There are 2 protein chains.
Amino acid sequence: MSKIVMKFGGTSVATTEKIAKIAHRISREKEKGHDIVVVVSAMGKTTDDLANLAFELSEAPNKREMDMLLSTGEQATMALLSIKLQAIGVDSVSLTGWQVGLQTDAVHRNAKVVKIDATKILNLLAEKKIVIVAGFQGVSDSGEITTLGRGGSDTTAVAIAASIAADICDIYTDVEGVFTSDPRFVTNARKLAQLEYDEMLELANLGAGVLHPRAVEFAKNYKIPLRVRSSYNDEEGTILKEEVDMENNLVVRGVAFESDIVRLTIEYEVPFNGSLASIFTTLAANHINVDIIVQSIVDGVKPAVSFSIKKESLAEAITVLESNKQMLGFTFADFEVGLAKVSIVGSGMVSNPGVAAQMFDRLRKENIPVKMVSTSEIKVSVVVPQNDMIQAANALHDEFGLALV
Amino acid sequence: MSKIVMKFGGTSVATTEKIAKIAHRISREKEKGHDIVVVVSAMGKTTDDLANLAFELSEAPNKREMDMLLSTGEQATMALLSIKLQAIGVDSVSLTGWQVGLQTDAVHRNAKVVKIDATKILNLLAEKKIVIVAGFQGVSDSGEITTLGRGGSDTTAVAIAASIAADICDIYTDVEGVFTSDPRFVTNARKLAQLEYDEMLELANLGAGVLHPRAVEFAKNYKIPLRVRSSYNDEEGTILKEEVDMENNLVVRGVAFESDIVRLTIEYEVPFNGSLASIFTTLAANHINVDIIVQSIVDGVKPAVSFSIKKESLAEAITVLESNKQMLGFTFADFEVGLAKVSIVGSGMVSNPGVAAQMFDRLRKENIPVKMVSTSEIKVSVVVPQNDMIQAANALHDEFGLALV
């Protein structure tokens, strides 16, 4: 008998039919004798629909009230799921964020979990009830409803798993697990049986979806085994843990990619004078996310810095930079659109210095020009022309033997 | 400067456009210098939609979970209204039932208000904020979310008005006030400027809609002046109070009617032996609402009792009666469908014994047969053929001079 947390995302609870299916799935797990806590998201596009109503009323809706509004989505799902479980004879009880004692800080729309008082959950589990918890929401010190921001329900699931010392936290979703790459674009992509937390973190940050980075980080910190699996079948999915078993230990474990990248280049008329930091501080203050930054100072050449941003931030980035030109002391040089980022991820890279070289070599053979490079201990990202993105991803997937089990 | 409670029903907040309109209306009241608490219902048909989802999952959804589900409707409305108020520069804050400290008993789906701790509301009013409270919901001693049942938002408004000693509780709705009769069917029906709580109670119980009887009773007990008025214009509406002013003091103040009534008649083979109570206990245990009951025992005639129920309960009533025939000791005699109930209401009746006679006389002149009669101190109800209902209502409206101001 284990303590398990089962988390179901919005797609998995989008209709009453789907909620009914999930109820039966939970019932089957219960029959195995497990103690079960379920965490649910809002049904389908409910959160977006509610947010749209708010934006019809205000360009910048008050964040406290947005939390009040959005937190209703998960509350409705958990009640419906509990109604179905009881209809099929499974004893259950649903709890909101404040009822479950999920304490957060007071940062509305992006609150951080401070602590969870597990007493209530543990008492209900002892009564052999299934406990259903609303994902994404908590309560602040002063009794205000808060929400955890994007991917918040994953974070709720992991935080609750940590608080009750669960044996595993299962994240049920509409994919079968974490793949070596996106199977819609990379022909030979296959599901990974295991993956390390840090690798998942890199993949998640690189846009490989599936799991929110905050949830992965939480699981890593509390050493909660996290499993990503399908809501629609009983396949094992992908288990995230601290260190994967030897047989799974490939050097590169995943290829991620992201389109619609823009590179901006800034030149300095005078030698570099410390304004580099100011540029990025200014961009950050305007909520423009900068990804890769490359700087090179060559004698006789004007100092310059290149950095990448998402396409949708371009107009605002240019406005911000132009209006702060004087203060920042640069001449705006150039931007290039139509770019994409392709990354390889794997914790084995740390001890394999040749990985980046092998990557560049393969891209050269494929005649794909590399515009920018960024490396970390467990990943290498390159910026390439967007038209070459899929070819690059497939080539690298092949190059590092990811299609082989 | 007054303390006022403004309550808006589901129709008044059905869309974001309507919420925006209401925000402007509240803002205008605020500019007059009032302290304002707003109570809102769920948007349009939200409550029904949520309930339908639950019934897709279960024939008899768990009541605790239904409260969890349905209470999200009001929470969403109040957040949206607060977002709009802040967008137009009016400081506001929304509060759920548990946040506002609206304590109820633990009877899910039909909870009664136990007490309200007004401290939080009064503090927020002192900060010159508009306080928006979710109608229809509260919290039990053990921290469970409860709902107050049909008309619950009206009850919330009145209860809050009582707790903060408000000067008036305004119920905004899609009609302009309480009418002498339903203007859709009674040509000369007109809006009443004033009405007594008890009269409103009778009218509400007779299906004249507008206000829920519980809310009226609450207002009566706490002597809160209650005003029913339109969300769409600035007309004065109808004020409910303990005693109306002399000039408004008509003997009969309203004509109510209700279609789809069925009369059942039961005969006893043996003289009445106490099973009368058993019949109605049995019906009540099966949630069949019995309205008018008429019994007559005439020498030489078999004892019989007639009672009226709603058409939709007929099939179940017959099943219940047939299956308990032996135990109840009767022979089922007869039922008559296609009936309607027409009632006259007015507190002046108590001191005017001729009112019922005048009513019967007029109906006789109109050739409308009276099938059943029921009287109370301030109303007389008759059951007539459904085809004659509108004619009867118009005739009585005319007979008691209700068209004259």
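Remember, predicted model here, so these are calculated numbers, not experimental data. Chain naming here is simple, since letters A, B, ... match the order of the sequence lines and numbering starts at 1 in each.
Between B:Glu56 atom CD and A:Lys84 atom NZ the span is 10.5 Å, to the nearest 0.5 Å. Atom CG of B:Leu69 sits about 12.0 Å away from atom CG of A:Leu81, to the nearest 0.5 Å. With rounding to the nearest 0.5 Å, the separation of CG in A:Leu70 from CD in B:Gln75 is 10.5 Å. A:Met66 contributes atom CE, which lies 8.5 Å from atom CG of B:Leu80 (distance to the nearest 0.5 angstrom). In this structure, the separation between OG1 on A:Thr72 and CD on B:Glu74 is 11.0 Å, given to the nearest 0.5 Å.
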Trace of the side-chain contact (heavy atoms from CB on, under 4.5 Å) decision for A:Arg64 with B:Val93:
CA-CA 9 Å; A:Arg64 174 196 183 274; B:Val93 59; 3.4 Å; yes
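Between A:Met68 and B:Ala79, the closest heavy-atom pair is CB-CB, 3.9 Å.
Under a cut-off of 6.0 angstrom, the local environment of NZ in A:Lys21 is sparse, with at most 12 non-hydrogen atoms contributed by other residues, nucleotides or ligands. Taking a 6.0 Å sphere around NZ of A:Lys112, one finds it holds more than 12 heavy atoms contributed by other residues, nucleotides or ligands. Dense packing is recorded around NZ of B:Lys18, with more than 12 heavy atoms of other residues, nucleotides or ligands lying under 6.0 Å away.
With chain B as partner, the option from A:Leu95, A:Asn62, A:Thr15, A:Thr16 having the largest number of non-hydrogen pairs under 4.5 angstrom is A:Thr16. Heavy-atom pairs under 4.5 Å with chain A peak, among B:Gln86, B:Met78, B:Glu17, B:Glu144, at B:Gln86.
Side-chain atoms of A:Ser82 and B:Glu65 include a donor-acceptor pair closer than 3.5 Å.
Of the two parts of B:Glu59, neither the backbone nor the side chain holds a non-hydrogen atom closer than 4.5 Å to a non-hydrogen atom of chain A. The contact between B:Ser92 and chain A is made entirely by backbone atoms, counting heavy-atom distances below 4.5 Å. Proximity to chain B (any heavy atom under 4.5 Å) is shown, for A:Ile145, by both the backbone and the side chain.
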